[in-house]
Amino acid sequence: MPKHFLHISDYDTDELWEILSLARELKIKFHKKETYKPFQDRSLAMIFAKPSARTRVSFETGFEWMGGHALFLGPNDIGIGKREAIKDISRLFSRYNDVIMARLFDHQHIVELAEYADIPVINGLTDYNHPCQIMTDILTVWEHRGNLENLKVCYMGDGNNIVNSWLQLATRFSMHFVCCGPEGYEPDSETVNMVNDSDLSSYELSHDPLSAVKDADIIYTDVWASMGQKEEAEEREKIFAPFQVNRSLIESTGKDTLFMHCLPAERGREVTDSVMESSNSIVFDQAENRMHAQNAIMVYLSQIMS
Ligand code: CP
Ligand code: NVA
C-alpha cells in the first residue's frame with residue numbers, strides 16, 4: 001500500500017522532521033537553480049473541486065522543476081464523485097499517473113480516494129484540514145526562529161481546516177496553541193482531544209483577543225468564511241469583527257510577534273492592510289514555502305514507495 005499524505009497525525013515526529021529538513025535542502029537547490037529531476041517521466045494529477053492560486057501553482061511549478069509533468073483538473077473537468085465514483089477515479093489515475101494531489105470538499109472523499117489508489121494521494125485541503133499548509137507553516141516558523149522551542153501560537157478567528165491541522169501538528173511538536181474566536185466557531189472537538197491526549201502541547205480556547213495574544217510568538221489568522229461558506233460571509237463579518245488582527249493587537253503582545261496567514265487574505269476583514277504590509281508579516285515567505293514543503297512531501301513519498 002502506498003503511503004499517502006492526508007493528515008499530519010499519520011506521521012510521527014521523526015518523519016515530519018525528515019520532511020522539513022528535506023524541504024530546506026530542496027529550497028537551496030531551487031534557489032541555486034540546480035538540476036534536480038527525480039520525477040522525470042512521472043506525472044502528477046491535480047484534482048481541484050475548489051478554487052486555488054498557491055496550491056495549484058506551487059504543486060505544478062514544483063513538480064515540473066523536479067522533472068515531472070503536472071495535470072490540472074479543475075472543478076468542471078472530471079466531476080469526481082458526481083460524473084464518476086471516487087473509487088473509479090482512484091483506480092483510473094493509478095494506471096496513468098504516479099501521484100495524485102486533490103482538493104475536495106468532504107474529507108471522507110479524500111480518504112476514499114486514497115483507499116482505492118495504488119499511488120500516493122496528497123491532501124491539498126478539505127473542509128476538515130490542510131496538512132500541506134501546516135507543514136509549510138512550521139517550516140517557515142523554524143526558518144524564522146531558528147528552533148521550535150517554547151513556541152506560543154495564537155490563532156485568531158474561525159476554528160476551521162487550518163486550525164484542525166495546527167492541532168494535529170501540536171500532537172507531534174510541543175507548543176502552546178491558543179484558538180481565539182467567537183463562541184460557536186470552535187475547532188473540531190475530537191481533534192482538540194488529540195492534543196489534550198498527547199500530553200505534548202497545551203491547548204487553550206479563548207474569546208478574548210487581548211489576553212490570547214499575550215507573549216505570542218506567532219499570530220495566525222485565516223478568512224472568516226472558508227470556501228463553501230461564502231454565503232455566510234456577511235453574517236460572519238459582524239460576528240468575527242472583534243477578532244481582526246490589526247496593529248494595536250499585534251503591538252499588545254509584549255513580544256516581537258510574527259504574523260502569518262495561509263492566504264488568500266481578505267484585507268480589511270480578518271487582517272488589516274497595515275499588518276499584512278508590516279515587518280511582522282512573513283506571509284510571502286510562508287507562501288513560497290508551500291512549494292518547498294510539498295516538493296519534500298512528494299520526494300519523501302516516492303522514496304518510501306521505491
Ligand atoms: N493557502 C492556500 O491553500 O491557497 P490557495 O487556496 O490559493 O491554494
Ligand atoms: N480556510 C480556508 C483556507 C484557504 C487556503 C478555506 O478553506 O477556504
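As the structure lists them, so they are numbered: ligands from 1, and atoms in each ligand from 1. What you see below is based on every heavy atom in this structure, not just the backbone, and it leaves out hydrogens, waters and symmetry mates.
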Within a radius of less than 6.0 Å around CD of Glu231, do more than 12 heavy atoms belonging to other residues, nucleotides or ligands occur? yes

Short list, please: which atoms of ligand 2 are under 4.0 Å from a heavy atom of Asn160? 1 (N)

Face-on cation placement of Arg56 at Phe72 ring, 6.0 Å and 45° thresholds: yes

Among protein heavy atoms, which sits nearest to atom 6 (O) of ligand 1, and what does the distance come to when rounded to 0.1 Å? Arg103 NH1, 2.8 Å

Asn164 versus Gln168, side-chain donor and acceptor atoms under 3.5 Å: no

Should Pro264 be counted as touching ligand 1, given the test is an N or O pair under 3.5 Å? no

Any N or O of Val223 closer than 3.5 Å to N or O of ligand 2: no

Strictly by modelled atom types, are Gln294 and Ser58 linked by a side-chain donor-acceptor pair under 3.5 Å? yes

How far is atom 8 (O) of ligand 2 from the closest protein heavy atom, and which atom is that? Met227 N, 2.8 Å

Of the backbone atoms (N, CA, C, O) and the side-chain heavy atoms from C-beta on, which set of Gln133 has a member under 4.0 Å from an atom of ligand 1: side chain, backbone, both, or neither? side chain

Of Glu60, Gln40, Glu64, which is the lone residue that meets side chain to side chain contact (heavy atoms under 4.5 Å, CB included) with His69? Glu64

Would you mind finding which of Arg290, Arg56, Gln286 brings a heavy atom closest to atom 2 (C) of ligand 1? Arg290

Counting both backbone and side chain atoms, is some N or O of Lys50 under 3.5 Å from an N or O of ligand 2? no

Looking at Glu277, is its backbone amide N or carbonyl O close enough to the side chain of Ser281 to form a donor-acceptor pair, meaning the two atoms are under 3.5 Å apart? no

Does ligand 2 have a heavy atom under 4.0 Å from the side chain of Asn161, from its backbone, from both, or from neither? side chain

Nearest non-hydrogen protein atom to atom 5 (C) of ligand 2, with distance, is Leu263 O, 3.7 Å

Would you say His130 and Ser165 are linked by a side-chain donor-acceptor pair, where the criterion is simply a distance under 3.5 Å? no

Atoms in ligand 1 flagged as close to Cys262, the criterion being non-hydrogen separation under 4.0 Å: 1 (N)

Does any N or O atom in Asp222 lie less than 3.5 angstrom from one in ligand 2, N or O only? yes

Is it true that Glu143 and Asn289 share a donor-acceptor pair across their side chains at a distance under 3.5 Å? yes

For His130, the ligand 1 atoms whose distance to one of its heavy atoms is below 4.0 Å: 2 (C), 3 (O)

Looking at ligand 1, does Leu263 have a heavy atom less than 4.0 Å from it? yes

Starting from the C-alpha separation in whole Å, work towards a yes-or-no answer on ring-ring contact (aromatic ring centres under 6.0 Å, His included) for Phe30 and Tyr36. CA-CA 8 Å; Phe30 182 84; Tyr36 177 68; over 10 Å; no

Cation-pi, Tyr300 ring and Lys3 (6.0 angstrom, 45 degrees): no

Numbered atoms and elements of ligand 1 in range of Thr55, under 4.0 angstrom, heavy atoms: 2 (C), 3 (O), 5 (P), 8 (O)

For atom 4 (O) of ligand 1, closest protein heavy-atom neighbour: Arg54 NE, 2.8 Å

Which pair of heavy atoms, one from His207 and one from Phe243, lies closest together, and at what distance? O-CE2, 3.6 Å

Atoms in ligand 2 flagged as close to Leu125, the criterion being non-hydrogen separation under 4.0 Å: 3 (C), 4 (C), 5 (C), 7 (O)

For Arg103, is at least one N or O under 3.5 Å away from an N or O on ligand 2? no

Just by distance, with hydrogens left out, do Ser94 and Tyr116 show a side-chain donor and acceptor under 3.5 Å apart? no

of all protein heavy atoms, closest to atom 7 (O) of ligand 1 is Ala53 N, 2.6 Å

